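Only heavy atoms go into these numbers, but all of them, side chains included; no hydrogens, no water, no symmetry mates. Note on naming: letters A, B, ... go to the chains in the order of the sequence lines (proteins, then strands), and numbering restarts at 1 for each one. Everything numeric here is computed off the predicted structure, so don't read it as measured data.
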Protein chains: 2
Amino acid sequence: MNPNPTILIIEDEPPLQKFLRLTLSTQGYNVLEAARGDDGLKQAPTAKPDVIILDLGLPDMDGVEVTRRLREWSAVPIIIISARGKEQDKVAALDAGADDYLTKPFSVGELLARLRVAFRHASAANPQTGDPIFQVGGLRVDLSRREVTIDGKAIHLTPNEFRLLSVLVKNAGKVLTHRQLLREVWGPQSNEETHYLRVYMNQLRQKLESDSARPIYLLTESGVGYRLVSEI
Amino acid sequence: MNPNPTILIIEDEPPLQKFLRLTLSTQGYNVLEAARGDDGLKQAPTAKPDVIILDLGLPDMDGVEVTRRLREWSAVPIIIISARGKEQDKVAALDAGADDYLTKPFSVGELLARLRVAFRHASAANPQTGDPIFQVGGLRVDLSRREVTIDGKAIHLTPNEFRLLSVLVKNAGKVLTHRQLLREVWGPQSNEETHYLRVYMNQLRQKLESDSARPIYLLTESGVGYRLVSEI
DNA sequence: TGGAATCTTGATGAAATCTTGATACCCCCG
DNA sequence: CGGGGGTATCAAGATTTCATCAAGATTCCA
């Protein structure tokens, strides 16, 4: 899941709109809004929200219809909020494809808890498509598993070494200036400590290169910075 | 989904038990029953129900605890039915891993509709990958039975030890940060109590490693966190 | 209610990592 | 040939992070 999940609120009453916007953004969610069904249907494909909160009583079209239209192409979790509490309303909405149904008035805590359930479902439905793995020659870097191997052998890196390598991996093929590397690894105030770079680059080479004096992966661009080759 | 989906009902009141059994089997569902929490926990791993309906008010243990135990190894949809309608009860159950929460008395139609939602989720989730048993070297962890053996010998773990190990097992091979582990085991508010981790990781090593000073399963990633090796 | 198991917490030495200074290197240019 | 800027390497503290022991609290269960 993204660090900041996005919620699309389709709701026409301004007070409730405002209330939801405030509550959810305070929780750190990214909030999008639509006041009409057609607007919501238009926003959803481009905005790709992680969850949709949908009021059944919209001015232009029925919420059940909105649900059905969304389900034609998307599996995004839909939480209904509605003033109608009759069984047949709930059944209709749930069978149209909604995932949950809250009757107004509802408590904030419950809404948030049910949202967390929806997010769990969303991230379970989108299994990670495998970790992004960088590979060149015998060097292999799996950033998300924090794993580095050279010719199949696992290499242990210290936190700073790993951070430095991961900046290089994310910009493989490009030259990174001393200044850029220092900022990324040691923070914005360390711009001049070029010596750090020399020490750590050397340590990386000792661990990754078979001949650290003649590196094939971690190249020096004299007077500029360093570069990790992207192909061999 | 199977042609005849299976539902496990964990419910102690005989009248409601009977009512659910009749209603659901009439709908063509295959019904299993447990009157106590521990019985339900015992049936679940072998019966592999497609959905679990769980009453919070069980005689032997709290329903939230049952939920948490199930979630240690299974993603099966759990629908709570409960007489307690307070917000904090709902939040606790949903955050423990439940997927839905119905307050008694509820209407049959709504229950059936929410069951259909649960089945949709169950079939959307990834196919069962057999028993959730983790094994590497001489270490074997059966999450659903809470059994840990090392070279065939059973090992007794305390609740916290087991929770810590199960988080590591579920992410075997990956480095878990101190923060992640603390959140999973001690709850979201304990982010800084790194000392806990040291103590419990040490206890796990005492029990699982032949030489706890030179661990082969539970590795330290200094400055980052810990990792359970996924292959030897 | 008593005893056992478990959890929490503090203290201490060991290990890993980071920082820093000293020194040798290499290559280009005059 | 010699100087100088930029670079590589080594290694000794300083600092942070870890492992370990053990003594109270607390909880659990009979």
### Task
Sequence neighbours left out, what passes side-chain contact (heavy atoms from CB on, under 4.5 Å) with B/T194? Give chain and number order.
B/H178, B/R198

What's touching nucleotides 24-30 of chain C from the protein side, N or O pairs under 3.5 Å?
none

### salt bridge (Lys or Arg N to Asp or Glu O under 4.0 Å) involving B/D95 - partner list, sequence neighbours excluded
A/R116

### With B/D100 via salt bridge (Lys or Arg N to Asp or Glu O under 4.0 Å) - residues at least two apart
A/R114, B/R114

### Query
Within this structure, what is the CG-to-P distance between A/L157 and C/dA16, rounded to whole angstrom?
15 Å

### Message
So if I define the base as every atom that isn't primed, P, OP1 or OP2, how would nucleotides 8-30 of chain D read as a B/S/- string at a heavy-atom cutoff under 4.0 Å?
### Response
BBS------SBBBS---------

### Any residue of residues 168-176 of chain B with a heavy atom less than 4.0 Å from an atom of DNA chain C
none

### Task
Could I get the full list of salt bridge (Lys or Arg N to Asp or Glu O under 4.0 Å) partners for B/R146, not counting sequence neighbours?
B/E72

Indicate every side-chain donor-acceptor pair of residues 224-232 of chain A with a distance under 3.5 Å to a residue at least two apart or in another chain.
unit_1	atom_1	unit_2	atom_2	d
A/R227	NE	A/E221	OE2	2.8
A/R227	NH2	A/E221	OE2	3.2

### Message
Output the rounded distance in Å from CG (A/L204) to P (C/dC18).
### Response
11 Å

### Any pair counted as salt bridge (Lys or Arg N to Asp or Glu O under 4.0 Å), so long as it reaches residues 184-193 of chain B, sequence neighbours left out
B/R179-B/E192

### Message
Tell me every residue that passes salt bridge (Lys or Arg N to Asp or Glu O under 4.0 Å) with B/D39, counting only those two or more places apart in sequence or in another chain.
### Response
none

### Message
What's the separation between atom CG in B/D89 and atom CD in A/E110, rounded to the nearest 0.5 Å?
### Response
11.0 Å

### Query
What pairs meet the salt bridge (Lys or Arg N to Asp or Glu O under 4.0 Å) rule with one or both residues in residues 149-175 of chain A, with sequence neighbours excluded?
A/E161-A/K207

### Message
Using OP1 and OP2 only, check whether a side-chain N or O of A/W186 sits under 4.0 Å from C/dC18.
### Response
no

## Note on the structure
residues 135-163 of chain A vs ring pair (Phe, Tyr, Trp, His ring centres under 6.0 Å), sequence neighbours excluded, gives none

### Query
Think A/Y196 has a side-chain N or O under 4.0 angstrom from the OP1 or OP2 of C/dC18?
no

